[in-house]
Every structure is written in C-alpha cells, then in structure tokens.
Amino acid sequence: MTDLERLRHSCAHVLATAILKIWPEAQFAAGPPVENGFYYDVELPHRISPEDFPRIEEEMKREVKANHVFERVEVSRDGAIALAERGELAALGPRGETSKFKLDIVRNIPDGEVITLYRNGEFTDLCAGPHVLRTGNIGAFKLTHVASAYYKGDENNPQLQRIYGTAFKNKTEMQAYFDMLEEAKKRDHRKLGRELELFCFDDDVGPGLPLWLPRGTVLIEELEKLAKETEFAAGYDRVRTPHLARESMYLLSGHLPYYAESMFPPMSLVAEKAEAQRPVHRADLFANLLDKPLTSASLDEILCKAAEMRESEGLATERYYLKAMNCPHHHKLFGAVQRSYRDLPLRLAEYGTCYRYEQSGELFGLMRVRSMQMNDAHIYCTEEQFEEEFRAVNEMYLKYFSIFGIDRYQMRFSTHDPAKLGQKFVNQPELWLKTEDMVRGVLQRSGIHYVEVPNEAAFYGPKIDVQVWSAIGREFTIATNQVDFAVPQKFGLVYKDRDNTEKTPLCIHRAPLGTHERFIGFLIEHYAGNFPLWLAPDQVRIITIGAEEALGNYAKEILAELRRKGVRVELDLSSDPMKAKIAAAEKIKVHTMLVIGNRDLESGAVSLRVHGKGNLGARPKAEAIEEILAAIQERRS
RNA sequence: GCCGACAUAGCUCAGUGGUAGAGCAACGGUUUUGUAAACCGUCGGUCCUCGGUUCGAAUCCGAGUGUCGGCUCCA
C-alpha cells in the first residue's frame with residue numbers, strides 16, 4: 001500500500017466515525033482506498049445525499065483535529081466474532097445490533113491469518129491496515145459523491161450506499177487534483193462531440209445509437225482509410241456481410257442461448273406467403289383485425305393481435321437477429337468456397353456493424369453503445385502459421401499506437417479457468433493449454449509487456465485485450481486479439497491439407513482499432529479535440545482580411561487548388577473582422593488557417609496559422625500547400 | 001437491470017406556486033479588417049412526456065422516457 005493509499009484508507013475510517021456520530025445505527029461493509037480516493041459502503045435507512053456532506057465533513061474535521069492515534073490491536077477469531085456480535089465492530093461502542101457485515105467478513109478470513117482491529121478515538125473497526133499514525137496526518141479531504149453498490153458486488157446481496165471521498169497530504173495537492181478534474185471535463189468526448197459537431201444521440205432513434213454528423217463521419221472515414229491501407233499491405237481481403245442473420249446461425253455458433261441477453265430481441269417473421277407481403281398489406285390486415293386504424297392502435301395491441309393471428313392460423317415463425325458479432329458471418333464466407341492449405345492464412349476483413357443490447361445503465365457516450373462498427377477481421381490459419389500471424393497482428397497494434405501517440409496502454413492476456421471447462425469455456429483442456437502457450441510464447445518473444453488474467457478468456461479461446469484510460473479516468477478495452485479453436489469446428493470449416501486430409505483451421509479474431517464508436521470516443525479525449533491534420537474534420541480554412549474582389553479571387557484560387565488535392569478546405573469570405581473569423585475557426589479547432597490580405601496577394605504568399613500554435617508567419621503559397629499535403633500524406637501527429 | 005440525482009431557447013445556465021429570462025449562437029443590416037470575438041436590430045420555448053393537486057404549476061405529487069454518478073454486466 002502506498003503512503004497515499006494508507007492516508008486515504010485512514011480517511012475512510014474517519015468517514016465512518018463521522019457517520020456513526022450522526023447516525024449511530026449505520027452498518028459498515030468495506031472501506032478501501034481506490035484510484036483517486038476512497039469509499040466506505042454503509043447500510044443506513046437515511047439516504048445520504050450530497051446535501052449531507054458538509055455536516056459529515058464537519059464531524060470528520062473534528063476527528064482529524066482531535067489527532068487520535070490509529071491503534072492496532074491483534075485479536076483471536078473468537079474475540080473478533082464476539083465483538084461483531086455485540087455490534088462493536090465499525091462502531092463507537094457496544095450496540096444493540098450485530099455488526100452484520102463485519103461478522104460475515106470475519107467468518108471469511110482464512111484460518112491462520114492474523115486478525116487485527118484499528119482504533120481511532122472511540123471508533124473501532126475490523127481492518128488489516130495499515131494506517132497513518134494519527135488522524136491529524138490526514139492533511140486535506142473531501143467527500144465527492146454517493147452511489148450504490150451491492151454488498152460484495154453481488155446483485156443478490158443488499159444494496160449499500162457507497163460514499164466516495166478523496167484525501168491528500170495537503171490542500172495544495174488536493175486543489176491540483178480538482179483542477180485536473182476540471183481539465184479532464186473539458187476533454188470529455190460527450191462535450192466535445194457536441195461542441196465540434198461530431199455526433200449526436202436522439203431519443204427517437206434510441207438510446208446508445210449514435211448518429212454521426214458530417215465532421216464525425218470524416219473521422220470514421222479517415223480511420224477506415226488507414227485500416228484499409230494497413231490491412232491491404234498485410235495481405236487481408238475485404239468482405240461485406242449483412243447486419244442480421246437467422247436464429248439458426250447463432251444456435252450453430254453457440255452464441256444462443258448464452259448471449260441472447262446481450263443481443264437485441266429477435267424479429268419474428270411468419271413464413272407464409274400471404275404474410276410476407278408488403279408492409280402496407282400487413283397494416284391493412286392488422287387494421288381489420290383491430291377494428292380501428294392502425295395509427296390509433298398501441299404497439300402492444302398490434303403485437304398482441306399479430307401473435308393471436310399467428311397462433312390461430314398455426315403459422316410457423318422464423319426469427320432473425322441483428323448481429324452482435326461478425327465472426328459467424330465470416331466463418332460462413334470461409335466455408336462458402338473450397339479451401340486448400342495453399343489458401344491459408346486467409347484474412348477476411350470488414351468494418352462490420354454490430355448491435356448489442358447493452359443494459360441501459362451501462363450506456364456511456366460513445367464508449368458504450370448499442371450499435372457499433374468494428375475494425376474486424378478473422379484470420380484462418382494452420383497451427384504452424386499461428387505464431388507468425390499472431391505476432392503480425394500485435395505489430396499492427398503497435399504501429400497504430402505509434403501513429404496515434406498512444407503510450408499509456410496495457411496488454412491483458414486472458415486465460416481460461418480449468419474449473420469452468422464445459423461451462424464458461426469450451427471443454428477442450430489440451431487445446432486451451434496449447435493455444436495459451438502459443439500466445440504467451442509470442443508475447444514473450446516479441447518482448448511485449450503484458451499482465452495475465454485467469455478466467456477472463458472468451459468461451460472459444462484465450463485473448464489479449466488492450467486497455468486504455470480515457471481522460472475521465474475510466475478504463476476501456478480499446479482493442480482485442482483472440483484465438484478461436486472451437487467455433488470453426490462447430491461450423492465444420494475445413495481445408496484440404498497437403499496430405500489430402502481435411503483439417504480445421506485455427507481462427508484469430510482481431511480488432512486493433514476496436515469499434516469506431518469507442519476508438520473515436522477515446523481519440524477525442526486523447527487529442528482533446530485537437531486532431532492531427534490528417535484526421536481533422538476541418539483541415540484548412542482560408543480567412544480573408546477584407547473582401548475586395550481581387551483578394552476574393554486569390555482566395556478562391558487557393559481553395560480550388562487544395563480541393564483538387566483532396567484537402568478538406570473552406571473559405572470564410574464573410575464581412576466579419578479578421579479577428580472574429582479566426583476566433584470562429586479556433587473555436588471549432590480548424591487545424592490550419594491561411595490568413596490572406598492585400599500584402600499576401602501582392603507577394604503571392606499566405607500567412608499560416610495553426611490551431612494551438614498561433615501565427616507562424618507568411619510564406620510562399622506553393623510552399624504552404626506543399627507543407628500541408630506532406631503532413632496529411634505522412635499522417636503526421 | 002438495480003440505487004440515486006438531474007431534464008428550462010441550438011449551447012451554457014438563471015428563474016421555489018402568480019405575464020418565460022440572460023450570455024453565446026442563428027438570422028437581417030451597418031462596418032472592410034493583419035492573427036481569439038466591431039456595432040445595431042430580429043427571431044427563437046410542448047419549461048422532457050403523460051396524469052394528478054391547486055383559482056392558478058417550469059416550480060408540488062405520481063408514472064413514463066432520456067441523461068449523468070455508481071453497482072452489476074461487458075463474446
């Protein structure tokens with residue numbers, strides 16, 4: 001535990017002390033330090049709201065001022081249980097009620113472990129420590145928010161109130177933290193997305209279904225261009241597949257019924273000619289049955305009637321699902337053509353659109369959505385080819401990260417848990433060990449730093465997830481690279497090997513750029529909206545000083561030349577003062593401004609201004625254009 | 001999905017039971033400029049939706065929807 005964590009954990013005890021002074025009946029569960037502070041979970045009939053914070057903080061201040069010693073006491077298990085039963089743990093003294101959560105925690109402490117209590121003033125808590133010496137060592141603290149959490153994170157357990165706070169050695173450091181938070185807020189992709197007109201959401205379209213405005217679409221298309229170039233060079237073939245598929249495919253793939261919950265509910269079609277007619281006919285049919293115009297019927301009435309109708313006529317239904325992943329479609333493409341070992345490795349790539357019914361409370365801007373476009377590809381290869389393919393995929397990741405200047409990331413290698421074979425993981429123990437060894441080997445030989453996490457693999461094989469941190473401090477999986485040794489077999493995918501036998505290929509699922517939604521959400525925060533020239537929705541804006549015809553013509557010449565060369569360029573010929581035009585361009589983070597006045601017109605120059613860098617001075621027109629084209633071409637950061 | 005908070009003009013926000021407000025943006029005009037905002041005017045509202053309380057609701061109550069903070073989940 002770091003010094004800061006120790007201090008924050010101690011502050012959690014002070015928080016509990018204060019809460020008990022106000023609400024003596026409070027029952028406490030766990031109160032650990034977390035990334036930016038600490039929390040304590042409490043069960044209390046009173047709903048604590050931020051309005052209660054000043055009062056609680058007042059009590060906390062008193063406790064800090066009293067400068068109580070944090071006293072460590074070792075107790076026997078029976079001793080701790082007796083104290084919990086008398087309600088003396090996480091308490092100011094004996095109480096009528098058992099310290100029920102603490103009792104549960106004591107009972108779950110493994111045999112042989114030393115059980116310790118910590119006391120500060122009147123407050124005693126079951127706690128492994130360590131703590132600061134005295135409450136007075138807590139220099140600065142503040143309660144930040146309140147949320148709810150299930151006891152032990154299990155949704156079958158009672159919901160507790162989780163009071164979050166933060167603490168620092170002194171006020172200066174705490175202020176710096178809050179200032180940093182303010183800065184982070186300005187980078188929030190949801191805020192910038194609106195300000196820069198990149199994307200939006202609409203209630204009539206639906207929650208978690210982003211709409212891309214023209215500027216955001218530029219980002220998408222630039223990323224796709226990058227991916228297509230990179231994948232073409234790496235020997236990928238592009239494919240395209242529909243957004244939905246019949247139920248039977250997801251039964252085959254094994255996604256149903258296990259993943260049905262995270263898929264949109266199916267569309268049911270009646271497999272009967274009369275029913276498959278154009279919607280208008282269906283509408284008339286329903287209207288007749290309903291005895292009123294369709295428009296005045298509620299959706300429930302219509303659905304109910306439709307179901308009744310199907311039932312009464314005994315019509316068979318078939319169901320279609322929106323795809324939640326592209327792999328089954330790609331597997332079908334592998335199987336569509338006879339494959340020889342000479343065709344392998346076969347790399348099928350698609351920016352496929354997927355739909356996942358994420359729980360409503362999980363939606364978060366672009367980072368967690370219900371419709372997404374994935375930088376997907378499936379590589380079908382032999383076991384011998386696996387290492388080389390897997391290594392090449394990892395290198396592609398690193399190439400992308402260097403283009404975007406992403407240096408804070410972590411590769412997470414997720415493996416299976418042998419205890420869950422046949423449940424969470426396909427029951428092929430030897431293939432698990434073999435593929436995990438292969439992946440581990442590639443990572444080690446490539447010198448890639450990674451952490452290994454058991455029990456987090458996909459159901460069909462081990463995987464590597466790349467974690468990044470957004471400006472808001474949330475952790476996200478931005479990219480994924482997975483081994484699949486199970487599903488190709490289910491699909492009966494085979495290739496004819498050299499020895500004239502049929503073999504099942506291994507499959508690598510990979511998405512180095514993740515989904516457009518999450519990746520762009522991340523990039524917005526990463527760049528704080530200040531995209532490099534090649535990505536910037538507004539690459540160049542020509543700003544005239546004055547509006548004489550000759551100057552306007554000169555500006556139009558430059559505009560036309562840049563347009564011809566594929567640059568996203570606009571011309572601001574309005575009568576606003578030059579300073580106002582610059583301000584308007586800066587506000588939407590136009591990357592490069594070409595400011596031209598009569599002086600420039602006379603000398604055939606432009607004056608260059610770059611967002612965030614200010615005025616770079618005048619230079620010959622041709623030179624400025626050359627410079628702009630080169631920066632775009634090289635995807636300079 | 002669960003707990004809680006929030007929802008007022010395109011954006012940021014004020015308005016706590018009695019005529020719906022500001023700044024910015026947009027639009028119209030005047031102004032003709034040397035590196036982040038020239039002046040004047042105009043437009044703009046289902047105060048999220050539905051229901052209730054009340055002589056009267058943006059304001060109080062209930063339900064729904066959405067967003068946010070967490071939890072759970074995350075192929």
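Please read these numbers as outputs of a predicted model, since none were measured by experiment. Naming: A, B, ... by sequence-line order, numbering from 1 per chain.
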When we call it a touch if two heavy atoms are under 4.0 Å apart, what does [X] touch: a base, just sugar-phosphate, or nothing?
{"X": "A:Ala149", "value": "sugar-phosphate"}
{"X": "A:Asp203", "value": "sugar-phosphate"}
{"X": "A:Thr480", "value": "nothing"}
{"X": "A:Ala324", "value": "base"}
{"X": "A:Leu363", "value": "sugar-phosphate"}
{"X": "A:Arg162", "value": "sugar-phosphate"}
{"X": "A:Lys581", "value": "nothing"}
{"X": "A:Tyr460", "value": "sugar-phosphate"}
{"X": "A:Pro577", "value": "base"}
{"X": "A:Gln161", "value": "nothing"}

Any-strand Watson-Crick or G-U partner of [N], both distances under 3.5 Å:
{"N": "B:C48", "value": "B:G64"}
{"N": "B:U19", "value": "none"}
{"N": "B:G69", "value": "B:C3"}
{"N": "B:G41", "value": "B:C27"}

Name all pairs fulfilling the side chain to side chain donor-acceptor pair (under 3.5 Å) condition that reach into residues 580-591 of chain A, sequence neighbours left out, sorted by first residue then second.
A:Asn530-A:Lys589, A:Thr544-A:Lys581, A:Glu586-A:Arg609, A:Glu586-A:His611

Where along nucleotides 1-6 of chain B does protein come under 4.0 Å, by heavy atom, of base (B) or sugar-phosphate alone (S), with - for untouched nucleotides?
BBBS--

For A:Asp465 and B:C74, give me the distance from atom CG to atom P, rounded to whole Å.
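From A:Asp465 CG to B:C74 P: 12 Å.
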
If you check the A:Arg609 side chain, which of B:A36, B:G34, B:U31 turns out closest?
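Out of B:A36, B:G34, B:U31, the nucleotide with an atom closest to A:Arg609's side chain is B:A36.
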
By salt bridge (Lys or Arg N to Asp or Glu O under 4.0 Å) - contacts of A:Arg541 (at least two apart)
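Per chain and number, A:Arg541 pairs via salt bridge (Lys or Arg N to Asp or Glu O under 4.0 Å) with A:Glu570.
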
Can a cation-pi geometry be assigned to A:Arg8 and A:Phe38, taking NZ or CZ under 6.0 Å from the six-membered ring centre and within 45° of the ring axis?
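Negative - A:Arg8 is either too far from the ring of A:Phe38 or too far off its axis.
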
